[in-house]
Structure formats: C-alpha cells, structure tokens
Amino acid sequence: MKNIKLSIDKAFGFVSAEKVAGYKAEVEAANAALHNGTGKGSDFLGWLNLPSSIDEAHLSDLEATAKLLREKCEVVVVIGIGGSYLGAKAVIDALSNSFDWLITDRKSPVVVYAGQNIGEDYLYELQELLKNKKFGIISISKSGTTTEPALAFRLLKTQLEEQQGKEAAKELIVAVTDKARGALRTLATQEGYKTYVIEDNIGGRYSVLSPVGLLPIAVAGFDIRQFVCGAVSMETQCGLSTSYEENVAGQYAAVRNELYKNGKKIEILVNFHPKLHFIGEWWKQLYGESEGKDNLGIYPASVDLTTDLHSMGQWIQEGERTIFETVISVNEPNFTKIFPNDKDNLDGLNFLAGKRVDEVNKMAELGTMIAHIDGGVPNLKIELPKLNEFYLGQLLYFFEKACGISGYLLGVNPFDQPGVEAYKKNMFALLEKPGYEAETKAIKARL
Ligand code: PA5
C-alpha cells in the first residue's frame with residue numbers, strides 16, 4: 001500500500017521554508033505532549049491510539065450488527081449531530097455511488113440522516129418516506145441528551161414501533177452512547193437495545209474510528225477493516241518516535257500555523273470530486289471546534305471544485321488576501337470515462353477526444369492551483385492514491401493528529417468546545433425547559 005502524500009512547497013512563496021522547518025522542536029514537543037498526556041485537554045486523548053487498539057472481536061461484533069441491519073432494513077436512519085454523524089457521512093458519501101439513493105438493484109440499505117437539524121419539513125418528509133418501509137435506526141449521542149437527535153429519535157422510534165410493533169422495533173434500533181450516563185443510555189437499557197459505548201475520553205469530532213463512525217460505515221456496506229487499517233498505518237507514521245521531518249501531520253500543523261501568523265486567517269479545504277463534499281464538512285467541525293476559541297483560530301471553509309469556481313472562485317482569486325487552501329487530490333479515480341470524438345465537432349471539443357475526463361479534471365486542478373498562487377493564495381496539497389477505505393482511514397486520522405498538534409502550537413485546548421453551549425442555554429430558556437426559569441425570565445426581558 002502507498003500512503004497519502006502532503007506537499008507544502010507551494011506555500012513557500014508566502015512563508016519561508018526555513019521558518020516552517022524551524023517548527024521542529026515545537027511540533028515534536030506538541031506530539032510528545034499528546035502521547036504523554038501532558039498537554040491541555042489530556043482527558044480527551046482516547047482517539048490517539050484508538051485505531052491500533054481496535055481488536056478482532058470488536059470488528060466482528062460491529063460487522064455482525066451491521067449484517068443484521070443490512071438484512072432487515074431497506075433504509076437505516078443514522079441519528080446524530082456534529083461529531084456524532086459527520087464522520088460516518090463523510091466516509092459513506094466518499095465511497096458511495098454519487099446517485100446511491102436512486103439505485104434500485106441494491107446490496108445495502110439506503111443510509112439517511114436525522115437529528116442533525118430541527119427542520120420540521122425535513123423530519124416530516126423523512127417520516128413520509130419511511131412509511132411502510134422496513135427501516136432501522138442507529139441513534140448516536142455521546143451525552144445522550146442533545147436536543148436535535150433526541151427529538152428525531154423520539155419521532156422515529158414511535159414511528160418504528162407503530163409500523164413494526166414494539167418488540168420487533170427493538171431489534172432494529174442500535175444506540176451508540178456513553179457507557180452509563182444520559183437519557184439515551186437509560187432508554188437503551190430500559191428497552192433492551194443493542195448498544196455500543198463511546199468512551200469518556202473520545203470527543204465527538206475525534207470519534208469516527210469508534211462505533212460512532214464504524215457501525216454506519218459497515219451498514220452502508222464498506223470495509224471497516226481496511227478503514228481501520230489505513231488509520232493504524234497513519235497512527236504509526238505520526239507516532240511519538242516520528243521526527244518532524246517524517247511527520248506529515250506535524251508538518252501540516254506547522255505550515256498552517258505559520259500561514260496564520262502571516263495573516264492567512266482562513267483555510268479552504270478544496271476537493272475536485274463532489275463525493276468528497278462531506279469530508280470538508282467533517283474537517284470543518286474538527287478544526288473549527290478544536291481551534292476556534294480564546295479569540296484565536298483559522299476559520300475553516302470548504303469548496304467543491306470545479307463547481308464553486310463558478311461561484312466562490314472570484315472571491316478566492318481576488319478577494320481579501322487572508323486565505324490559503326488545502327487541496328485534496330485523488331490520483332486515480334475508480335472508474336474510467338474516455339471523452340469521445342465527434343465527426344462534426346460543433347462544440348469544438350475534439351481536442352479532448354481520447355482523453356480521460358480525469359485528465360481534464362486534473363488540468364483544471366493544476367490550472368486553478370497556478371492561478372490561485374498567482375493571485376496570492378498559498379497552496380497545500382494532500383494526495384490520495386485512490387478513493388478507498390484504506391486511504392480515507394489514513395486521511396481522517398492524519399487530520400485528527402494534525403489537529404491535536406496544531407491546537408497545541410496555537411496554544412488552545414483542541415479537545416473542548418465550551419462555545420457550543422451558548423445557543424443551547426438560550427434555546428432551553430426560550431422553550432421554558434424546567435430548570436431554566438431564571439434564564440427564561442432574563443432572556444424574555446431582552447426580547
Ligand atoms: O464534537 C463534539 O463534541 C460535538 O460536535 C458533538 O459531537 C455534538 O455536539 C453531538 O453531541 P452528542 O454526541 O453528545 O449528542
């Protein structure tokens with residue numbers, strides 16, 4: 001197996017290579033702080049050695065549960081928000097047929113999502129879709145008390161019980177939650193659902209290699225062994241004994257921090273394959289929640305190219321020069337499509353005849369990179385040899401490790417998210433949740 005590859009040389013017109021090389025001591029110290037548990041947020045380092053700690057029994061158990069849901073369900077609803085759904089969706093989308101939901105001759109259930117919003121139309125339409133369908137539920141919430149997924153779960157559980165009967169419904173519900181605390185754990189214990197534990201020391205955005213990500217990915221029909229294998233290989237490559245010169249996660253952390261210090265306050269994650277859209281969404285949560293605090297942090301944005309070159313392309317090329325981009329490039333697509341010759345050539349495209357569509361895409365990628373560098377946008381690149389489970393495992397663990405190191409370089413705790421609570425408090429006060437009487441009074445006085 002090859003490895004994903006990081007290239008940072010196209011940032012060196014904007015920040016000096018010597019300065020980036022000079023991060024050696026800091027990066028190695030940050031990496032050691034992660035491994036020795038001496039840095040900020042060290043009680044949330046369960047993700048660090050998670051890939052290599054996954055054993056055969058755990059994988060087999062996940063596969064057996066996935067098989068059951070695959071056999072019994074046409075649709076599986078993954079309920080969760082933030083870190084409790086983004087990793088699964090990112091991987092499933094990246095590996096699925098782009099028109100998956102339209103495929104009738106299916107080997108796997110359609111995976112849909114709920115609890116990631118409170119849109120009434122969304123939930124209404126989902127429940128309409130599920131009427132008379134054989135569906136199952138994977139309900140994921142570490143706290144077990146998050147409003148959005150709890151609300152969706154109550155609705156869908158009720159529907160499932162009405163459609164299947166209470167006893168049969170129990171076989172179609174799996175809960176992934178804390179081992180002891182929270183309403184979802186209480187419910188699961190009372191109802192006798194199959195459950196998986198999210199360990200105390202694994203935060204939501206670092207949980208894709210726990211059952212939070214692995215179970216839905218297996219249900220969708222993908223090889224979680226290869227996914228874990230990829231993550232293990234990256235865990236080894238970026239381990240405690242890896243020097244800065246060999247540590248791709250450390251180098252990515254260093255160069256983005258140096259860019260930030262030089263006024264590049266926004267990082268745009270770029271893809272050239274639409275099925276990678278949710279890798280961008282997952283990555284934004286990982287970096288946004290990990291670094292955006294204490295009035296610090298690179299703002300993580302993402303675009304799908306070439307689509308967004310016809311919308312955000314103008315801004316990227318000529319807007320405020322506070323951005324840099326990180327391109328995820330896939331070396332070899334999974335399928336081949338050759339552009340045909342046309343004898344009339346009315347569209348003038350015969351110069352492309354005989355070329356792969358990917359060659360056109362790659363030239364768009366190269367042309368964009370040169371244009372953006374000329375326009376003052378530093379470019380980092382991460383190459384995936386192919387889009388498969390193994391390299392996605394490498395990529396996601398790479399980003400997690402780099403995020404931990406990067407947060408330490410920035411001086412923040414990359415494992416907490418105190419800012420997420422503010423809206424919840426106001427929402428509960430506005431909804432007059434019991435226990436929030438004083439907050440309700442205070443907030444209503446402000447309206
Ligand atoms: O990364 C995080 O910790 C958050 O985004 C959570 O994943 C998200 O808020 C959902 O929390 P929970 O899994 O407790 O429902």
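When a ligand or atom number is given, it counts from 1 through the structure's own listing order. Residue numbers run from 1 in the order of the sequence given.
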Exercise. Relative to the heavy atoms of S143, which atoms of ligand 1 are at a distance of less than 4.0 Å?
Worked result: 12 (P), 14 (O), 15 (O)

Exercise. Counting each atom of ligand 1 from 1 as listed, which ones have a heavy atom of S84 under 4.0 Å away?
Worked result: 7 (O), 12 (P), 13 (O)

Exercise. Is it true that atom NZ of K5 has more than 12 heavy atoms of other residues, nucleotides or ligands lying nearer than 6.0 Å?
Worked result: no

Seminar exercise, completed: ligand 1 to Q285, heavy atom cutoff 4.0 Å, flagged ligand atoms 1 (O), 2 (C), 4 (C), 5 (O)

For this session: Provide, to 0.1 Å, the distance between atom 6 (C) of ligand 1 and the closest protein heavy atom, together with that atom's residue and name.
Result: G83 N, 4.0 Å

Problem set entry | Atom indices of ligand 1 within 4.0 angstrom of R205 heavy atoms, with elements | 1 (O), 2 (C)

For this session: Just jot down the ligand 1 atoms closer than 4.0 angstrom to any heavy atom of Q417, in number order.
Result: 3 (O)

Problem set entry | I81 to ligand 1, any heavy atom closer than 4.0 Å | yes

Exercise. Excluding sequence neighbours, so at least two apart, what forms ring-ring contact (aromatic ring centres under 6.0 Å, His included) with Y436?
Worked result: F428

Exercise. Starting from atom 3 (O) of ligand 1, which protein heavy atom do you reach first, and at what distance in Å?
Worked result: G204 N, 3.5 Å

Seminar exercise, completed: The reported gap from OG in S108 to CD1 in I103 (rounded to nearest 0.5 angstrom) is 9.5 Å

Exercise. Under 4.0 Å from any heavy atom of G82, which atoms of ligand 1 are there?
Worked result: 5 (O)

For this session: Would you check, one step at a time, whether the test side-chain contact (heavy atoms from CB on, under 4.5 Å) holds for M369 with V377?
Result: CA-CA 9 Å; M369 189 250 282; V377 182; over 6 Å; no

Seminar exercise, completed: closest protein heavy atom to atom 2 (C) of ligand 1 is E289 OE1, 3.3 Å

Exercise. Just one of L392, L214, I92 clears the side chain to side chain contact (heavy atoms under 4.5 Å, CB included) bar with F222, so which one?
Worked result: I92

For this session: Under 4.0 Å from a heavy atom of T146: give me the atoms of ligand 1 that qualify, with their elements.
Result: 11 (O), 12 (P), 14 (O), 15 (O)

